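Residue numbers start from 1 in every chain, and the chains themselves are labelled A, B, ... in the order their sequence lines are given, proteins ahead of strands. Both backbone and side-chain heavy atoms feed into the values below; hydrogens, waters and symmetry mates do not. These numbers come from a predicted model, not from an experiment.
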Amino acid sequence: MSGHTVPADISDHMLDLDEDEDLEVYSKNTTLADGGTMPNSPGSMVNQYQLEEDEEDHQDVKTKDIFVCVDNPESHITAIETFITYRVVTKTSRSEFDSSEYEVHRRYQDFVWLRSRLEENYPTLIVHPLPEKFVMKGMVERFNDDFIETRRKALHRFLNKICEHPVLSYSQHFKAFLTAQDLGPYKKQGPGFLSRMGETMRAVAISVRGLRTKPEEFTVMQEYIDHFSTKICSVDKVTQRIIKEQKEYMDELKQYSPSYLQWAELEEELAEPLKGVGNCIERCSKETEDQIQHLSEVLLPTLHEYVLCADTLKAVMRRRDNIQAEYEVKNEALVSRRVEQEGLQEEVEDLAGRVEQANSALRGDWTLWRNVMRTDLKSAFVSAADRNVEYYEKCLAVWESFLLSQRGESVEQTDWEHGS
Amino acid sequence: MHFGLLISIKFPQNILELTHVPLPFSNLKFINIFLFFIGFSGIHTVMRIKSAHIKQQLSRCVIREDGGGRTGRFGGSRLLRRMEICVSEAEKRSCRNAVSMLETFTVYLIETRPLEPTADGRNSSPDSVWRRYSEFELLRNYLIISYPYIVMPPLPEKRAEFVWHKLSADNMDPDFVERRRVGLENFLLRVASHSVLSNDKILHHFLTKEQGWKDLVHETGFQAKADSRLRALNAIFRVRSPNKHLMEVKHYSDELQSYTSQLLRARTRVADRLYAVYKVHGNYGRIFSEWSVIEKEMGDGLQSAGHHIDAYAASIDDILEEEEHYADQLKEYLFYAEALRAVCRKHELTQFELEMASQDLISKKQQREELATGIVRTFSFKGITNKIFGQEAPEQREARLNLLEELTSEGEEAVKEKTAECDEHAERAVTDILQFKEQKDKDLQEALISYALMQISMCKKGIQVWSNARECFLKM
């Protein structure tokens with residue numbers, strides 16, 4: 001750090017997040033605190049959800065009856081590639097499942113498959129995001145231990161969020177994912193590549209055309225999502241920046257304490273207090289290290305997931321808009337041309353139904369998501385604030401014990417002075 | 001040694017006077033900080049807005065020696081016993097200097113008040129003198145020349161060094177001026193309470209006679225001595241038998257300088273980094289505020305938490321300003337190390353001069369002996385010329401012998417004087433150095449304790465802020 005020069009006026013620089021190239025990329029150095037502990041029985045965990053729009057009147061207390069744990073990353077080396085699989089253990093009391101316990105091994109690709117299936121089948125539900133495929137910046141490889149651990153924790157959270165979802169947890173694909181020893185056959189099902197391409201092109205065409213009338217509630221939702229997205233990104237950036245600055249602070253502290261200890265060796269009377277201060281600083285730098293780790297393991301991953309969520313939300317809104325637009329296109333055709341009336345009429349009715357379904361699904365899930373988001377972020381912020389308090393309490397104890405040792409000495413000294 | 005504190009604090013509206021608060025420590029700086037903490041530790045905003053003003057007022061406090069103090073470096077008959085001294089204010093002045101250019105500089109007001117009533121039983125009115133930094137330097141240089149065996153209390157630094165980035169390196173910056181004012185006062189108090197220095201007449205005049213003081217100093221002729229001493233010290237010379245103890249002290253002073261400056265540099269870098277950490281937190285407040293607009297339930301919790309975090313970010317300014325006092329205490333001893341070294345060097349010089357004089361005497365004696373006995377032991381020009389041109393006449397020889405006798409006895413006197421000077425210097429220096437070491441240990445121990453107190457205060461603030469933020473987050 002000795003060669004590092006601080007820019008002359010750092011205060012503006014501090015507040016100017018966008019220029020910092022650091023802030024463009026997601027953090028990679030995150031290790032997480034929440035482990036994959038399995039509860040012993042499904043009934044031992046209780047989750048509360050607000051499933052109705054009217055939050056005040058109906059509160060459904062849902063008991064969690066399915067638990068998933070992701071652990072045990074293992075490396076697999078074949079002729080073509082090397083990849084990591086994770087053990088996925090399921091315990092459930094649901095009747096849809098033949099057994100109450102399952103163990104399978106899945107790789108990242110499998111998770112991606114699951115998520116895309118869920119999004120296809122439930123286009124206007126909010127599916128929790130997966131950790132990123134790989135990291136841009138830095139020398140992190142895919143097989144770095146920290147990276148694997150971070151990913152494992154994120155995958156664990158992903159599956160558990162699905163478990164907690166009242167609709168998604170009943171998905172056939174989800175069941176298959178958790179139970180099938182070989183996912184191969186399932187992967188071959190579903191719309192093929194060409195039909196998916198066609199869908200995408202239609203969606204693009206529709207989005208170019210624009211919607212006739214967007215319901216007010218979804219306009220509001222869109223505005224919220226845009227705003228939320230920028231805010232959560234900023235909070236994420238600031239947190240990353242804080243971690244960076246804390247690390248540099250800690251590095252300097254590590255250079256600072258030896259200068260006291262060095263000086264102490266030169267002195268006689270003064271050696272003890274100098275050593276005392278040097279040791280205090282050393283201990284505080286350790287506390288700083290722990291604190292940084294907590295920030296990286298708890299607050300940052302949560303914020304990060306919600307940055308990804310924001311993108312998910314935007315995608316959901318687009319899909320909903322597309323469904324509506326598809327209906328409108330067909331409806332227009334029906335109203336104007338009166339060509340192929342019968343077939344078209346049915347189609348339009350179908351599409352209208354689809355719009356209704358999509359909208360109500362989104363509506364319900366939106367409330368659910370808002371609550372989960374609030375809970376998650378609240379818990380992350382509270383935890384971070386707690387940890388800060390703990391950090392300062394520990395440092396306080398360190399300095400107070402030093403003071404006590406010195407005061408003890410100076411009291412002795414005054415007694416001696418009195419005596420003489 | 002116990003000091004009692006006579007505090008007289010002038011606020012704009014009224015004067016608060018407390019008498020004789022006994023304190024277990026004697027360092028002026030620590031007292032400043034101590035009062036600052038006990039008096040104003042609860043009122044954060046007041047501290048921030050008025051701190052500069054209050055600190056100025058606080059340092060109008062005075063150390064008065066209680067009876068029965070131990071005789072030491074700062075005991076015995078002291079100037080300080082008889083008068084209060086403080087450097088109370090600073091002002092900007094402009095005037096045309098020697099080359100007719102407009103110069104702006106700062107002057108400091110030295111106020112003195114004799115503590116004892118005068119012969120006719122009344123209290124004398126206070127004296128006040130305006131002095132600028134260069135005059136303090138002149139005084140100190142005079143004192144160094146006049147008392148070369150004293151470890152001279154240092155002045156506050158000429159230019160701001162070890163500056164972390166937010167701190168100004170500008171000599172005109174009000175914070176710098178304020179810290180310099182405190183440093184100058186500290187210098188005067190140390191000098192005025194020193195057993196030897198406090199009796200100096202030039203010092204007295206410095207404190208009381210604004211006009212004409214400079215002439216008085218120059219009349220002492222110390223400048224010439226200073227110049228020759230500087231030349232001599234800059235020359236490379238080797239001492240045959242240096243004073244072992246003083247050599248050790250010199251070595252110690254070198255290391256002390258090195259370690260304290262290293263520490264100060266490291267501290268500056270730490271301060272820089274800590275500032276960055278705190279200030280980046282300031283972004284949370286802004287973002288949470290904007291975010292709270294779109295949230296129904298979370299909004300209030302977010303925003304109020306943001307306010308607390310803003311306070312956290314802002315608190316670093318005061319914290320680091322306090323730490324500057326600690327840095328100043330360390331700097332004082334960084335400069336003291338230089339002064340300590342100078343005493344050792346002065347002795348080396350004196351010792352060298354003694355060795356030279358002894359050498360000279362030996363050679364003169366030898367020459368006399370040769371002349372007297374006619375036996376040439378050493379190579380000399382006279383020897384050669386005698387051989388070439390023949391021996392000189394008896395009258396010339398006689399004259400030269402007498403001259404040599406004179407020179408020899410002069411030489412003996414010189415050696416005696418130089419020896420006495422050397423021994424006296426060593427003796428006094430050793431005494432003063434011992435007392436300096438005691439003072440240093442005490443001062444620095446207090447400094448370290450005050451540093452710990454600062455850290456504790458910072459931790460307590462941190463605990464409070466984040467506990468508050470936590471409460472707000474719980475309301476999300």
Hey, could you give me the CG/CE distance between A:Leu396 and B:Met458, rounded to the nearest 0.5 Å? 10.5 Å
Taking side chain as everything from C-beta outward and backbone as N, CA, C, O, which of these in A:Val382 sits under 4.5 Å from a heavy atom of chain B? Side chain, backbone, both or neither. both
Hey, is the main chain of A:Met250 close enough, under 3.5 Å, to the side chain of B:Arg273 for a donor-acceptor pair? no
Heavy atoms of B:Val280 and A:Arg241 approach each other most closely as CG1-CG, 3.7 Å
Atom group of B:Leu256 that falls short of 4.5 Å from chain A, counting heavy atoms: both
Measure A:Glu267 against the heavy atoms of chain B and call it side chain, backbone, both or neither at under 4.5 Å. side chain
Is it true that atom CG of A:Asp290 has more than 12 heavy atoms of other residues, nucleotides or ligands lying nearer than 6.0 Å? yes
Can you tell which part of A:Ile232 gets under 4.5 Å to a heavy atom of chain B, answering side chain, backbone, both or neither? side chain
Does any heavy atom of chain B fall under 4.5 Å from the side chain of A:Phe228, the backbone, both, or neither of them? both
Are the side chains of A:Met373 and B:Glu295 in touch, meaning some heavy atoms are under 4.5 Å apart? yes
My understanding is that only residues two or more places apart in sequence, or in another chain, count here; which of them pass ring-ring contact (aromatic ring centres under 6.0 Å, His included) with A:Tyr256? A:Tyr260
Could you look at B:Leu330 and say if it's the side chain, the backbone, both or neither that has a heavy atom under 4.5 Å from chain A? side chain
Side chain, backbone, both or neither: which part of A:Thr239 has a non-hydrogen atom closer than 4.5 Å to chain B? both
A:Ala385 and B:Phe473: which non-hydrogen atoms are nearest, and at how many Å? CB-CD1, 4.1 Å
Pair B:Glu297, A:Asn371 - check side chain to side chain contact (heavy atoms under 4.5 Å, CB included), show working. CA-CA 10 Å; B:Glu297 287 159 32; A:Asn371 266 318; 4.2 Å; yes
Determine the minimum heavy-atom distance between B:Tyr284 and A:Ile242, stating which atoms define it. CE1-CD1, 3.4 Å
Pairwise distance CD(B:Gln445) to CG(A:Leu274) - rounded to 0.5 angstrom: 9.5 Å
As an exercise, state the distance from CD of A:Gln406 to CG of B:Leu453, rounded to the nearest 0.5 Å. 11.5 Å
With chain A as the partner, which of B:Val465, B:Leu444, B:Ile294 has the greatest number of non-hydrogen pairs under 4.5 Å? B:Ile294
Residue pair B:Tyr259 / A:Gln262: nearest heavy atoms and the distance that separates them: CE2-CD, 3.8 Å
What distance separates A:Leu266 CG from B:His251 NE2, expressed to the nearest 0.5 Å? 7.5 Å
Does any backbone or side-chain atom of B:Tyr252 lie under 4.5 Å from a heavy atom of chain A? Answer side chain, backbone, both or neither. both
Give, as side chain, backbone, both or neither, the part of A:Arg370 having an atom under 4.5 angstrom from any heavy atom of chain B. side chain
What's the spacing between A:Phe402 CZ and B:Ile449 CD1 if we round to 0.5 Å? 6.5 Å
Cut-off 4.5 Å, heavy atoms of chain B, and the answer for A:Leu403 is side chain
Heavy-atom side-chain contact between B:Trp291 and A:Val235 under 4.5 Å: yes
Write down the atom of A:His227, the atom of B:Glu290, and the distance for their closest heavy-atom approach. NE2-O, 3.7 Å
Around A:Lys275, counting heavy atoms of other residues, nucleotides and ligands shown, do more than 12 lie under 6.0 Å from its NZ? no
I need the A:Cys395 SG to B:Lys460 NZ distance, nearest 0.5 Å. 14.0 Å
Mind checking salt bridge (charged side-chain N to carboxylate O under 4.0 Å, His left out) for B:Arg470 and listing every partner two or more places apart, or none if nothing turns up? A:Asp386
Taking the side chain as every heavy atom from C-beta outward, state whether A:Glu268 and B:Asp441 have any atom pair closer than 4.5 Å. no
